[in-house]
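Numbers restart at 1 for each chain; the letters A, B, ... are given by sequence-line order, proteins then strands. Keep in mind that what you see is a predicted model, and the values were worked out from it rather than measured.
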There are 2 protein chains.
Amino acid sequence: MNINIGIADDHQLFLKSLSLLISSFSGFNIVVEAMNGKEMLDKLANLPSLPDVLLLDVNMPVMDGAKTAAAVFKLYPGVKMAALSMKDNDATIIEMLKAGCCAYLLKDIHPTELEKSLRDIHTTGQYHNDAANVNYRRLILQSEQKQTLTDREQEFLSLACSDLTYKAIAVKMNVTERTVDGYREILFNKLNVQSRTGMVLEALRRQLVSL
Amino acid sequence: MNINIGIADDHQLFLKSLSLLISSFSGFNIVVEAMNGKEMLDKLANLPSLPDVLLLDVNMPVMDGAKTAAAVFKLYPGVKMAALSMKDNDATIIEMLKAGCCAYLLKDIHPTELEKSLRDIHTTGQYHNDAANVNYRRLILQSEQKQTLTDREQEFLSLACSDLTYKAIAVKMNVTERTVDGYREILFNKLNVQSRTGMVLEALRRQLVSL
DNA sequence: CCTGATACCGGGGTTTTCCCCGGTAAAGCC
DNA sequence: GGCTTTACCGGGGAAAACCCCGGTATCAGG
């Protein structure tokens, strides 16, 4: 019995290459390819039979990996999914896992390891690789206590992502420097950093602000 | 007569997949694969015959695309090269072309287009795709007057994009704090900013560093 | 030989950032 | 009424970042 695979990745060259690679593994078929999440959902809806495992790129235009995974999980809970990404970023890993992915694979994984992981996911429904071998419980836990920012905190964060001093930010927000210092402290805690530079970088990674 | 291809890309999965894909084109052989520029140079030195065309990823650890292209061009001027990248960034395109690449290909190119481009490069020594169809003259011109960073400055900039203090950066770079302070001053001038936060943001915008 | 570019360093200063202590007031919720 | 959350504030002090003055050594090229 063959294992049917679906792949979504916005880089056509990678998509086609990977497709060919997986086809070359014995017992694997590629049944669907898509350049983004939306395309994948459309194609799944018109497929005679669902794939066993979906490989989803994390970063895609139109509909990204997390949104796609969540949608697929809701519509077709039987379909197993693996996230595929370049970077092993904590926040992204938990996001994908919470969206229903069984594994988080890095794009520099070796082909034989990929084959093994696909088999593991198909048969046991799970797979553990290095990047994923972080303490999941800790990650999920820290994501539970969801760090939502208040309006003022968000406003401060946006202003902090600039060449402005805190004093200038205080003027812009119509508060005293001490108050801005308070927001700084809150954000340092929420983002788990200890410098303004770190805060800016973390805010960009979590996409709380954009360049 | 077959066309012999060499590929360098740090993402193993992509490297192997692409290798398989190109092998499947009729008349193409993959003669060398490498995970970074240094590895590629080492392997080229020990090869019985040189490849006809090299595909070089722009972003690689140890030795990046531009450095590799320049080195290959110097050692083996007969070898044609194509840059391979995710983003079509003006600065990167000119850098690669000036380093001796015949073409700049995006990773979302279609496989048949890749095949065509490889043939074109092999026979005519050039190829024009969309991303490269920008006004070269304008690009080159603007690069002439462009601030280029030295290796140490680039190194400092990368380290500055973190939670590290300048003192810690000095230790990592094996220099005194005063020296790091000098790099900071140079970068502030080149990027036209007046705070570390501004420097980090500007570096990200100019894609001198990545998140 | 001289110039320019690069890498490196000493010592001084001011401003900003970071990190504590403490506090008030208002709005919403059971 | 308590309880929580949010917004706001004063003051002080240590560390980091920022901004000057000056310097040496090397290496490549006209």
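Judged purely by atom type and a 3.5 angstrom limit, B:Asp163 uses its side chain to pair as donor or acceptor with the backbone of A:Gln194. Not one N or O on the side chain of B:Glu202 forms a donor-acceptor pair closer than 3.5 Å with the backbone of B:Phe188.
Nearest nucleotide to the side chain of B:Gln194, out of C:dC8, D:dC19, C:dT17: D:dC19. In this structure, of D:dA16, D:dG10, D:dC18, it is D:dC18 that holds the atom nearest to the side chain of B:Phe188. Distances from the side chain of A:Tyr183 to the nucleotides D:dA17, D:dC8, D:dG10 place D:dC8 closest.
Summarising the geometry, the separation between CZ on B:Arg178 and P on C:dG11 is reported as 12 Å, rounded to the nearest angstrom. Between the C1' atom of D:dT6 and the NZ atom of A:Lys190 lies a distance of 10 Å, rounded to the nearest Å. Rounded to whole Å, atom P of D:dG10 lies 16 Å from atom CD of A:Glu185. Per the geometry, CE belonging to B:Met173 stands 6 Å off P belonging to C:dC8, to the nearest Å. Taking atom CZ of residue B:Arg184 and atom P of nucleotide C:dT16, one finds them 14 Å apart after rounding to whole Å. In this structure, B:Glu177 atom CD and C:dC9 atom P are separated by 11 Å, rounded to whole Å. Following rounding to the nearest Å, A:Lys167 (NZ) and D:dC18 (C1') show an atom-to-atom distance of 14 Å. Atom CG in B:Asp181 sits about 13 Å away from atom P in D:dC21, given to the nearest Å.
Remark: A:Lys116 does not engage A:Glu113 in a salt bridge, criterion side-chain N to carboxylate O under 4.0 Å. For the pair B:Glu33 and B:Lys43, the salt-bridge criterion is not met [side-chain N within less than 4.0 Å of a carboxylate O].
Regarding contacts with the backbone of C:dT15, every side-chain N or O of A:Tyr166 stays at 4.0 angstrom or more from both OP1 and OP2. Under 4.0 angstrom from either OP1 or OP2 of C:dA7 there lies no side-chain N or O belonging to B:Thr179. For the OP1/OP2 pair of D:dT6 and a distance below 4.0 Å, the side-chain nitrogens and oxygens of A:Thr150 include no atom meeting the criterion.
A heavy atom closer than 4.0 Å to some atom of DNA chain C occurs in no member of residues 152-159 of chain A.
A cation-pi arrangement is absent between B:Arg119 and B:Phe25, since the terminal nitrogen or guanidinium carbon is not both under 6.0 Å from the aromatic centre and inside a 45° cone about the axis.
B:His122 and B:Asp52 get closest at one heavy-atom pair: CD2-CB, 3.6 Å.
Summarising the local packing, CG of B:Asp42 is surrounded by more than 12 heavy atoms from other residues, nucleotides or ligands at distances under 6.0 Å.
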